[in-house]
Amino acid sequence: MPRVRFAPSPTGYLHIGSARTFIFNWLYARHNQGTMILRIDDTDVERNTQTSLDSIYDGLKWLDLNWDEFYRQSERLDLHRRMAREILDKGLAYRDFSPMVAEIEEKSHEDGHWLFNPEMRGMSTEESDRKAAAGEPFVVRFKVPRESREAVEFTDLVYGEQSKATADIEDFALLRSNGMPTYHMASCADDADLTISHVIRGQDHLTNTFKHILIFEALGVKPPEFAHLPLLIAPDGAKLSKRKHGPVVSVTTYRDGGFLPHSYVNFLCLLGWSPKNDREVMSREELVAAFTLEGVNRPNATVNFTEEDPYDPKATWLNAEHLRALPIEELAAQLLPFARAAGFDASPEKMLAITPLIRERIRTLREVATTADFFFADELPPYDSNELIPQKGDARMALAVLEKATEVLKSAEFTHDGLDAALRAAATDMKVKTGQMYQPVRVAVCGRKVAPPLFETLIVLGRETCLHRMERAIEQLPAGEIS
RNA sequence: GGCGCUAUCGUCUAACGGUUAGGACAGAGCCCUCUCAAGGCUUAAAUACGGGUUCGAUUCCCGUUAGCGCUACCA
């Protein structure tokens, strides 16, 4: 039974790349009847925030993603320290009493690659113990076995055979001078203790993996399998970041933008993974059934957003697809809060009546605001009365048509067939094309030319509202041109 | 700088040595039609470059270039 984990550090809101990492872990676990573990990697006390933690929970909840076990690293510090101590005692690590380098830049400016401080690495155990006992601050560093071993190797389930010369791995820290474990130490200690079988994470950790293998081996533990995921990048080629790309990197942007949680999960899955059979619109069950690590691609994937449109067009299209696949009742229920947020006095009944009319005209839930507005307005907002004039017609025709239609609507049966027959007959009667009949009526009741099909719209609006709006339209007609 | 990873239409991707290099989104056009959508059809659009290996390379190897990642007492 595989055991996988998603281990975010609560230092920002839930990033879409993190969300995807969770999803791939989750799909792997569900596909293989394994265990999904959520582990909060909060060893960096300075940068952790409760807001960030809340955002992670909110995002996962919205996406309807669950987990089977939960841990917080901050509650497991004893374990991390004990394991670090174990490595130190085995002589596989050493204390480094060098003062902390203030400037991060300092090291990177050096030409060569910093590996270790010979003085510290070579210090005798006695002296090291004495200095430690005297209270001198130190970090514990892993003693990378450059003499005894040529390279560290492993097989990545996505990227294949990996190898790195020990000569290229620096003596990384295990414990900070304040006693807190570093990410490498805490992560490996927990992965070992929680018997994680597969570590599925971003490719930015690929080169860290060599260090992690060293830690597992020092602990006398068999390393888990590793599967690294291609990164999500912005159209400008850079890694997605809030500072540079703004809210597009947050999952809440999509939630607030009216995306269905599952369609968004579907979209994220298609970034860096493919079922290899051209399937794109997939249910959650289908994703679980189709997901394998072999299907994960190696190149980074671009999230295609622009200044004008923060949403990837494919995400929008997928959302429209899922929207249409929803039962009317379900869609109406999803639409309701967005309608209310737009300031509409929306009742569930009315929403249910409108939903079939807009279902194929909206791509996101939020578009209910611009697509269904006239259904909810008591009084239509001002519109250009010239729009009432039919194609190849004039104000005189508009007036005639509107008056005729008003008569028809007073008595017509308010059903699709009833309205169709009555209005069509009226058009024939007046010797105008049906379009010349329908368009003025549409503008009169909707306040614009672009709207759902006319008869259904009239039915939902009801006879009374329709007649009122027709009356208002006739009043608004450009008077001068009529006589 | 060092080390690592990657490279197919604008974007997401398929083709695990032999295809007219396929699909989807976005774009263009046509059809359908009471407008707008939805739907149908059509169209344009790619193997980064240079060497090998091979009867044959998108596919395997090497190099170049480019992008990304790591190189912290961040994760």
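Just so we're on the same page: letters track the sequence lines, and every chain starts at 1.
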Q | Watson-Crick or G-U wobble mate for U58(B), both contacts under 3.5 Å | A | none
(Q) Between S128(A) and R95(A), is the side-chain hydrogen bond (donor to acceptor under 3.5 Å, both in side chains) condition met? List the steps. (A) CA-CA 7 Å; S128(A) 176; R95(A) 296 190 188 90; 2.7 Å; yes
Q. Quick one: do K239(A) and D204(A) make a salt bridge, cutoff under 4.0 Å?
A. yes
**Q.** Pairing partner (Watson-Crick or G-U wobble, both distances under 3.5 angstrom) of U65(B)
**A.** A7(B)
Q) Under 4.0 Å between a side-chain N or O of T302(A) and OP1 or OP2 of C12(B)? A) yes
Q: First locate atom CG of D193(A), then atom OH of Y71(A), and finally report the distance between them rounded to the nearest 0.5 Å.
A: 8.0 Å
**Q.** Phosphate OP1/OP2 of A26(B): any R363(A) side-chain N/O under 4.0 Å
**A.** no
Q. How is L454(A) classified with respect to the nucleic acid when contacts are heavy atoms under 4.0 Å: base, sugar-phosphate, or nothing?
A. base
Q.
At 4.0 Å (heavy atoms only), tell me whether E387(A) reaches a base, stays on the sugar-phosphate, or touches nothing.
A. nothing
Q.
Base of G69(B), side chain of N300(A) - is there a donor-acceptor contact under 3.5 Å?
A. no
**Q.** RNA chain B: 5'-proximal contact among R20(A) and D204(A) (nearest heavy atom)
**A.** R20(A)
Q: Give A173(A) one of three labels, base, sugar-phosphate or nothing, depending on what nucleic acid heavy atoms sit under 4.0 Å from its own.
A: sugar-phosphate
Q. Reckon R298(A) touches a base, only the sugar-phosphate, or nothing at all at heavy-atom distances under 4.0 Å?
A. sugar-phosphate
Q: Would you mind classifying the nucleic acid contact of G202(A) as base, sugar-phosphate or nothing, using non-hydrogen atoms under 4.0 angstrom?
A: nothing
Q) In the structure shown, which nucleotide is the Watson-Crick or G-U wobble counterpart of G27(B), with both distances under 3.5 Å? A) U43(B)
Q | K143(A) atom NZ: more than 12 heavy-atom contacts under 6.0 Å | A | yes
Q: Could you give the distance separating U8(B) and A14(B) at their C1' atoms, to the nearest angstrom?
A: 10 Å
Q.
Taking any heavy-atom pair under 4.0 Å as a contact, classify H228(A): base, sugar-phosphate, or nothing.
A. nothing
Q.
For a quick check of understanding: with a heavy-atom distance under 4.0 Å over all strands, which category does R324(A) fall into, base, sugar-phosphate or nothing?
A. sugar-phosphate
(Q) For a quick check of understanding: with a heavy-atom distance under 4.0 Å over all strands, which category does S18(A) fall into, base, sugar-phosphate or nothing? (A) nothing
Q.
Return whichever of R361(A) or G295(A) has its heavy-atom-nearest nucleotide of RNA chain B closer to the 5' end.
A. G295(A)
(Q) Tell me which nucleotide, if any, is Watson-Crick or G-U wobble paired with A38(B) when both distances must be under 3.5 Å. (A) none
**Q.** Nucleotide nearest N297(A) (side chain, heavy atoms from C-beta), chosen from G4(B), U13(B), C74(B)
**A.** U13(B)
(Q) If you compare every side-chain N and O of S274(A) against the phosphate oxygens of A14(B) (OP1, OP2), does one of them come in below 4.0 Å? (A) yes
Q: For U20(B), give its Watson-Crick or G-U wobble partner with both distances under 3.5 Å, or none.
A: none
Q) Is a donor-acceptor contact shorter than 3.5 angstrom present between the side chain of K314(A) and the base of A26(B)? A) no
**Q.** Lys/Arg-Asp/Glu bridge criterion (N-O < 4.0 Å) met for R146(A), D171(A)
**A.** yes
Q: May I have the distance from N277(A) (atom CG) to A14(B) (atom P), rounded to whole angstrom?
A: 11 Å
Q: Counting heavy atoms from C-beta on, name the nucleotide in G23(B), C34(B), A7(B) closest to the side chain of R442(A).
A: C34(B)
(Q) Over all strands shown, is P390(A) touching base, sugar-phosphate only, or nothing at heavy-atom distances under 4.0 angstrom? (A) nothing
Q: Just call it for E280(A): base, sugar-phosphate, or nothing, with non-hydrogen atoms closer than 4.0 Å on any strand.
A: base
Q: Have a look at T43(A) and say if it touches a base, only the backbone sugar-phosphate, or nothing, with a 4.0 Å heavy-atom cut-off.
A: sugar-phosphate
Q. Step by step, would you call H80(A) with D190(A) a side-chain hydrogen bond (donor to acceptor under 3.5 Å, both in side chains)?
A. CA-CA 8 Å; H80(A) 310 146; D190(A) 280 327; 2.9 Å; yes
Q: Could you tell me whether R141(A) sits above the aromatic face of F116(A), with NZ or CZ closer than 6.0 angstrom to the six-membered ring centre and within 45 degrees of the axis?
A: no
Q: Check every strand shown and say whether K239(A) touches a base, only sugar-phosphate, or nothing at a heavy-atom separation below 4.0 Å.
A: sugar-phosphate
Q.
The side chain of D278(A) is closest to which nucleotide in this list: U35(B), G69(B), A14(B)?
A. A14(B)
Q) Which value, in whole Å, describes the distance between the C1' atoms of nucleotides A48(B) and U59(B)? A) 16 Å
Q: Please evaluate the base of C73(B) for a donor-acceptor partner in the side chain of S177(A) within a cut-off of under 3.5 Å?
A: yes
Q: Would you mind classifying the nucleic acid contact of Q162(A) as base, sugar-phosphate or nothing, using non-hydrogen atoms under 4.0 angstrom?
A: sugar-phosphate
(Q) Under 6.0 Å from the ring centre and within 45 degrees of the ring axis: does the NZ or CZ of R20(A) meet both conditions for the six-membered ring of F24(A)? (A) yes
Q. Between D312(A) (CG) and U13(B) (C1'), how many Å, whole number?
A. 13 Å
**Q.** Who pairs with U33(B) - Watson-Crick or G-U, where each distance is under 3.5 Å
**A.** none
Q) Given the C1' atoms of C3(B) and C9(B), what is the spacing between them in whole Å? A) 33 Å
Q) Counting any heavy atom closer than 4.0 Å, what does D44(A) reach on the DNA or RNA strands: base, sugar-phosphate only, or nothing? A) sugar-phosphate
